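Computed from a predicted model, the values in this text were never measured in an experiment. For this chain, numbers begin at 1 and follow the sequence in order.
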Amino acid sequence: MESKLMSARRGFWSSLWNHLKPQARPGVETGGQGLHEGSLWSRRIQGDEGLLLTCTEGRLWLTFESDPRDYVLEHGSSVPLNHEGQVVVQALRSARFCLGTSLSPCGG
């Protein structure tokens, strides 16, 4: 029987390994994120993460804290998240999106 301490250590090392793997990007939602119509998603972007947000279903509205423009994304369209600051995404109708990188974009 495994002790709680051993279980916690295994969890710590597993988490650390996943964080340090060459292909892993901490905080990147590679599996995709779903939003119901009208719901919001927000995240603080460093600007040097090389993230690309891709709409994989539905329709999204997106705005950056440091960008005066707003974006409307349809299925298959992407926006690079290369501005530092808060990004806010709202589903104009039920939608899905994913975060990838320019080196490893997510598919739609």
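Here N82 contributes atom CG and I45 contributes atom CD1; the two are 10.0 Å apart, rounded to the nearest 0.5 Å. Separating the OG atom in S78 from the CG atom in L73 is a distance of 7.5 Å, to the nearest 0.5 Å. Note that the CG atom of L52 and the OG1 atom of T101 stand 8.0 Å from one another [nearest 0.5 Å]. Between the CG atom in L60 and the CZ atom in F97 there is a gap of 7.0 Å [rounded to 0.5 Å]. Note that CH2 of W41 and CG of L62 are 8.5 Å apart. Values are rounded to the nearest 0.5 Å.
Nearest heavy atoms, G58 versus C55: O-SG, 3.6 Å. In terms of heavy-atom proximity, S94 sits nearest to H36 at OG-CA, 3.9 Å.
Among residues two or more places apart in sequence or in another chain, the side-chain hydrogen bond (donor to acceptor under 3.5 Å, both in side chains) test is passed with T63 by D70.
For the pair R43/V89, no side-chain contact is recorded, criterion being any heavy-atom separation below 4.5 Å from C-beta on. For the pair Q33/C98, no side-chain contact is recorded, criterion being any heavy-atom separation below 4.5 Å from C-beta on. Counting heavy atoms from C-beta on, the side chains of V72 and L92 come closer than 4.5 Å.
Proximity of a side-chain donor or acceptor of E65 to a complementary backbone N or O of Q86 within less than 3.5 Å is detected. Remark: side-chain polar atoms of Q90 are paired, donor with acceptor, to backbone N or O of G38 under 3.5 angstrom. H75 contributes a side-chain N or O that, together with a main-chain N or O of T56, makes up a donor-acceptor pair within less than 3.5 Å.
Of the charged side-chain nitrogens involved, none lies within less than 4.0 Å of a carboxylate oxygen, so that R44 and E84 do not count as a salt-bridged pair. E57 and R93 are not joined by a salt bridge, as no carboxylate oxygen comes within less than 4.0 angstrom of a charged side-chain nitrogen.
Cluster membership for V87 and Y71, using ILVMFWY side-chain heavy atoms within less than 4.5 angstrom, is shared.
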